[in-house]
Structures are given as C-alpha cells and as structure tokens.
Amino acid sequence: MPLETATPVEDVAGADREYLYTLNFGPQHPATHTTLRLILTLEGETIVKAVPDIGFLHSGFEKLGEDLDFNQYVTIVDRMNYISPFANECAWFHTVEKLLNIEITPRCKYLRTILAELARISDHLLCVGAAALDLGALTAFLYAFNQREKVYDIMEFASGQRFHPSFCRVGGLMNDVSDDVVAKIRDFVKTFPKAHADLVRLLNRNRIFVDRTKGIGVISKEDAINTGCSGPVARAAGVVRDLRKDEPYLAYKDLAGSFKVVCGKGGDCYNRYLVRMGEMAESLNIVRAAVENIPGGPVNVNLEDKLTIPDKNATYRSIEGLIQHFELFMWNRRWETPVEEVYGAQEAANGELGFYIVADGGGRPFRARTRPPSFIHFAVFPQMIEGHQISDVPAVLGSLNIIAAELDR
C-alpha cells in the first residue's frame, strides 16, 4: 500500500486543503478479502474521499455467455459469487426457464430451495466470520468455517463437487438427490443451531466488536432505496424488501409461513451483522420445513418436451434419448427460443441477483447481462466511509461482503 503525498485537493466548500494524502488500499491487501482497490484521500487518519477501482480479474463472464449454451453457462455463473455458487445457478436458470416458459417440477422446486438456502447460510457464515476476523475475532471465524464444511459435504454428495456444484440444468437438476443427501441435510438442521448460538455469544455483546461496528458505515433507508441497495445491506437500514416474500419463486410460496424477513433500523455495520445472523436462523427454518416435505416424482421436466438432457440410461438405451442428447449438444441445434428479452431475479445472500437475457431464437444468448448486488454496494461504499478512520475500512468492507467476481463480470 504505497503512501504518497498528494497535491492540494479542493474540498466540497471550494477551498484548497493542504496536507491531504493518497493511500492505495489494495488490490492485494489482507483486509480487502479479494482483488479490489480503493483510492483513499486522507487528512491524517480521516478519510476525506474514497474512489473504488475495479477491473483486476479480467473475467469477461458476461461475454462468455454469448459463446456458451444455457446449460454450459452454469460453470460461469458458479464463479460469479463463488461463496454461494448454487444461488447463482438458481437465478440464472430461473431466467432461462422464464424465457423458455418452463414450469419445473414440484420436487425440483423444493430441492433447489433447500440447496439455495444452505448456500445462503454458507455465504453469511463466511461474511460474519471474515468480518469478525478483520477486527481480531479469530474464534468466530473458525466456528463459522466448521459449519461451511458441512454445507460443502452436502453439495458434494448431491452434485459430486464441493465448491462449484454446477448442479442445475434447464428444466431441472443434473440428477436427483439420494437418501444420504437428505440425511446429511437433516443432520445439519439438528447441529447448526448450537454453532449459531456460539457465534451469537461470541460477538453480539463483545465490546470490541460492537465498538468497531456500531455507528460505522451508516446508510439511511432513503439512501439505500435511492442507490439500489438490496439484501441485508438494505434490510439493515429498514427496507422491508425480500423477493422470496414479495415475488415468490421456487417453493417459497408454499413455505411462506416458515420464515420471516429480518430487518434492522440502524443501517450500520452492526445491524448488517445482526440481519445476517437472523437470516441464517430463518434459512434454517426454511430448510427444516422443506426437507420434511419434499414431493415425490421426477426432478426434471418431461423428456417429451425436448428441453432437458436425458439421463445416461435413456441416452445409451433408446434412440429417442440419443437423438435428444445430440440435439441439445450439437453447436448448430440446441434450443429454439423466442426472439425477446427477459429479466429474472432471485434473492441471493447479498441481495437481488438478476440476469438479463436477449434471445435471438438460437441455442445461446445473444446477450447475457448480470445485475450483481456486490457491484451496487461497492458503488455505495464511498458515501459510507467518508469521515471515518482508515481502521474502519475493513469493518465496512466486511459488512458489505464485496465479491470481486461480481464486480469484474
């Protein structure tokens, strides 16, 4: 982090102010969690101005969407918010199925809901644990990571991969889940409350943690709405908005009585922490209710609709399955889509995650764009941090849970 003397900077009132310095915070700094850069203008230890600088990953995720078909793109969306990748998959295929006018099966709705809520818990655990770690609370970080390992185990049993499951497909899932997966989910439902209670006892009344987060990085309800904030950042400021309740999708309509929207009113780092802790408890309630009521039947839409990839038995043992497999994988065939534009969004761990698809009738998107919550929240960071100390930067960044792959998409 090079520190260099800046030329006099003109302040808001119009007068030149001497002794202002420029501090480059990142892109490789232990308190930024990821490859992002902040250009801070300082007066002593006080931040006068903050300019976010993105573009260090060079991922090109959106452009890749124009070269991959709807199923292949699942490997890319996994790597956007890589902390809760399954939630990205759900949002992407929600938009694709909206474009193709596909109604997925009841069993698929419940399974996607369960795994998406486990991904939300995993995301919040990392956010809370890492935010506490930045402020010196190592134990909370370790407690959180123990529980994330259990979520990884569930994802691995279901999809074969721990970190980037790539489990969703157009019209369903890669495969149905086994009884072992359901047993692991039930075990997690039983054991997680104790770990959650341990985190509450460690942090909720911890004097150092509270002093470092209360009243820090405040955003008002009006500003949160005007700047497009969503998820825990908006709800911590008092914005009662959750797509699972306001625009129900998957199985959330059936499970609406199992959870409530958690909101705060301070809009600071501490309230964002409390909202995430509350949301983990509510997500567990959703998983508990859903796992005991998973419908029977197929996990994918009917093969006769020619929209889903046939399983191996159908591909190897029937000419119809083999033909359909070829039709969906041949570069010049694939899906026939309407010529239109569609936007779909779901409530991911950090807020509204939306995808915008422009379809030209072919098997690949003509354009694929993302509405990532991290990009919106990072843009709001400067107004949250002005007037604070340098030591407050990790606290505010940790409470926003910025994921760089959502910035440089």
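Note that the structure is predicted; figures quoted are calculated from it, not measured.
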Short side-chain donor-acceptor distance under 3.5 Å, E89 and S166
no
Between R364 and F70, is NZ or CZ placed under 6.0 angstrom from the six-membered ring centre and within 45° of the ring axis?
no
Check D123, V151, L125 against S84 for a side-chain contact (heavy atoms from CB on, under 4.5 Å) and give me the one that passes.
D123
Might you confirm whether atom CG of N226 has over 12 heavy atoms from other residues, nucleotides or ligands at distances under 6.0 Å?
yes
If the plane angle is over 60° it's perpendicular, under 30° parallel, otherwise tilted; pick one for F355 and Y73.
perpendicular
Side chains of E352 and S230 only: does a donor on one sit below 3.5 Å from an acceptor on the other?
no
Trace of the salt bridge (charged side-chain N to carboxylate O under 4.0 Å, His left out) decision for R241 with E247:
CA-CA 10 Å; R241 169 73 171 169; E247 301 174 21; 3.2 Å; yes
Decide yes or no on side-chain hydrogen bond (donor to acceptor under 3.5 Å, both in side chains) for R169 and N300, but give the supporting numbers first.
CA-CA 9 Å; R169 295 293 185 272; N300 291 320; over 6 Å; no
Which residues pass the salt bridge (Lys or Arg N to Asp or Glu O under 4.0 Å) test with D223, sequence neighbours left out?
none
Checking K184 against F157: charged group under 6.0 Å from the ring centre and within 45 degrees of the axis?
yes
Does the separation of the ring centres of F378 and F375 fall below 6.0 angstrom?
no
Taking atom types as modelled, find out whether N81 and N88 have a side-chain donor-acceptor pair closer than 3.5 angstrom.
no
Between E406 and R409, is the salt bridge (charged side-chain N to carboxylate O under 4.0 Å, His left out) condition met? List the steps.
CA-CA 6 Å; E406 287 193 342; R409 64 203 182 284; over 6 Å; no
Are there over 12 heavy-atom neighbours, none belonging to F366, within less than 6.0 Å of that residue's CZ?
no
With a 6.0 Å cut-off on the ring centroids, do Y82 and F163 count as close?
no
For the ring pair F209 and Y273, is the centre-to-centre distance below 6.0 Å?
yes
What orientation do F192 and F188 show, parallel under 30°, tilted 30 to 60°, or perpendicular over 60°?
parallel
Just do the salt bridge (charged side-chain N to carboxylate O under 4.0 Å, His left out) check on K194 and D198 with the steps written out, would you?
CA-CA 6 Å; K194 182 181 182 303; D198 287 340; 3.4 Å; yes
Write down the atom of E282, the atom of F259, and the distance for their closest heavy-atom approach.
OE1-CA, 3.3 Å
